[in-house]
Amino acid sequence: SGIGPLFVTAVASRDTTIKSYNYPFDYDNNMMCEWHVQIESKLLYGDYVLKVVFNDFELEAEPSSSTSVCPYDNLTFYDGDSDFSPLLGSYCDTVHPEVVYSTGNDLYIKLNTDKINTFRGFSISILVVEEGNNWH
């Protein structure tokens with residue numbers, strides 16, 4: 001649609017939740033949704049990073065014969081402020097890591113869906129954590 005990413009501010013005082021369109025009902029076909037998440041301004045340039053926790057996750061599965069990662073529907077994380085930033089991972093089906101961490105103040109998240117088959121989608125929470133305290 002060309003409107004650009006939705007800008008989301010992550011604050012230290014509470015979790016920020018991002019959900020797919022229509023969640024918990026099925027998302028639409030042919031979607032590309034993008035979110036640029038940034039740590040709140042008073043904590044910018046401090047020793048803080050973003051931590052993503054998956055609350056619920058169900059996207060179309062990749063075919064067993066697939067040579068590419070999640071070619072149909074996928075949720076992709078980039079370590080920075082755009083999809084030119086380093087790739088952190090691309091996920092589908094119900095398979096995802098326990099957590100995803102940024103290395104800096106920004107995280108770019110992209111949901112791509114193809115023209116067939118829709119699923120429940122996702123709900124993720126984003127927390128601001130001190131760098132180096134990744135075990136909390």
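Residues Tyr78 and Ile124 do not share a hydrophobic cluster, defined by chaining ILVMFWY side chains whose heavy atoms lie under 4.5 Å apart. Hydrophobic cluster membership is shared by Leu6 and Val52, with clusters built from Ile, Leu, Val, Met, Phe, Trp and Tyr side chains linked at under 4.5 angstrom. Leu50 and Val11 are members of different hydrophobic clusters when ILVMFWY side chains are connected at heavy-atom separations under 4.5 Å. When hydrophobic clusters are built by joining Ile, Leu, Val, Met, Phe, Trp and Tyr residues whose side-chain heavy atoms come closer than 4.5 Å, directly or via intermediates, Leu111 is grouped together with Phe77. Tyr23 and Phe57 fall into different hydrophobic clusters, where Ile, Leu, Val, Met, Phe, Trp and Tyr residues are linked whenever their side-chain heavy atoms come under 4.5 Å apart, directly or through other members.
Looking at every heavy atom in both residues, Pro71 comes nearest to Pro63 through CG-CD, 4.0 Å. Between Val128 and Ala10, the shortest heavy-atom distance links the atoms CG2-O, 3.6 Å. Tyr21 approaches Met31 most closely through the heavy-atom pair CB-CE, 3.5 Å.
Counting heavy atoms from C-beta outward, Ile18 and Ile126 have side chains that approach closer than 4.5 Å. Contact check for Thr17 versus Ser123: side-chain heavy atoms found under the 4.5 Å cut-off. Taking 4.5 Å as the limit, some side-chain heavy atom of Thr16 sits within range of a side-chain heavy atom of Val8. Counting only heavy atoms from C-beta outward, the side chains of Asp28 and Thr118 never approach each other to under 4.5 Å. Between Leu44 and Gln38 the shortest side-chain heavy-atom distance falls below 4.5 Å. Side-chain atoms of Ser82 and Pro5, non-hydrogen and from C-beta on, never get closer than 4.5 Å to each other.
Using a distance-only test at 3.5 Å, with no hydrogens or angles considered, no donor-acceptor pair links the side chain of Thr94 to the main chain of Glu58. Using a distance-only test at 3.5 Å, with no hydrogens or angles considered, a donor-acceptor pair links the side chain of Glu62 to the main chain of Cys70. Asn105 places no side-chain N or O within donor-acceptor distance of the main-chain N or O of Val49, the cut-off being under 3.5 Å. With Asp114 contributing its side chain and Ile116 its backbone, the two residues share a donor-acceptor pair below 3.5 Å. Counting only distance, with no hydrogens or angles, the side chain of Asn112 and the backbone of Tyr72 share no donor-acceptor pair below 3.5 Å.
A centroid separation of less than 6.0 Å is found between the aromatic rings of Phe122 and Trp35.
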Next on the checklist: Quick one, Asp83 with Tyr108, criterion side chain to side chain contact (heavy atoms under 4.5 Å, CB included). Give me CA distance, side-chain angles, the key distance, then yes/no.
Outcome noted: CA-CA 6 Å; Asp83 54 6; Tyr108 202 83; 4.1 Å; yes
Next on the checklist: side chain to side chain contact (heavy atoms under 4.5 Å, CB included) for Val129 and Tyr48? Distances and angles first, verdict last.
Outcome noted: CA-CA 6 Å; Val129 296; Tyr48 295 93; over 6 Å; no
Checklist entry - Do Val53 and Lys51 pass the side chain to side chain contact (heavy atoms under 4.5 Å, CB included) test, and can you show the C-alpha distance, the side-chain angles, and the key distance before you say yes or no? => result CA-CA 7 Å; Val53 179; Lys51 174 184 181 179; 4.1 Å; yes
Item to check | side chain to side chain contact (heavy atoms under 4.5 Å, CB included) between Phe119 and Leu59, intermediate numbers included | outcome: CA-CA 6 Å; Phe119 292 84; Leu59 271 59; 5.6 Å; no
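Between the side chains of Asn117 and Glu60, at least one donor N or O sits under 3.5 Å from an acceptor N or O. Asn55 and Ser125 share a donor-acceptor pair across their side chains, judged by distance under 3.5 Å alone.
A distance of 11.5 Å separates OG1 of Thr9 from CG of Leu43, quoted to the nearest 0.5 Å. Atom CD of residue Glu131 and atom OG1 of residue Thr103 lie 7.5 Å apart, to the nearest 0.5 angstrom. For the atom pair NZ (Lys110) and OG (Ser90), the distance works out to 10.0 Å, reported to the nearest 0.5 Å.
Between Asp56 and Arg120 there is a salt bridge, with a side-chain nitrogen of the basic residue lying less than 4.0 Å from a carboxylate oxygen of the acidic one.
Summarising the local packing, CG of Asp47 is surrounded by 12 or fewer heavy atoms from other residues, nucleotides or ligands at distances under 6.0 Å.
Judged as a ring pair (Phe, Tyr, Trp, His ring centres under 6.0 Å), and not counting sequence neighbours, the contacts of Phe7 are His36.
Screening Leu88, Asp106, Val100 for a side-chain contact (heavy atoms from CB on, under 4.5 Å) with Asp79, the sole residue that qualifies is Leu88.
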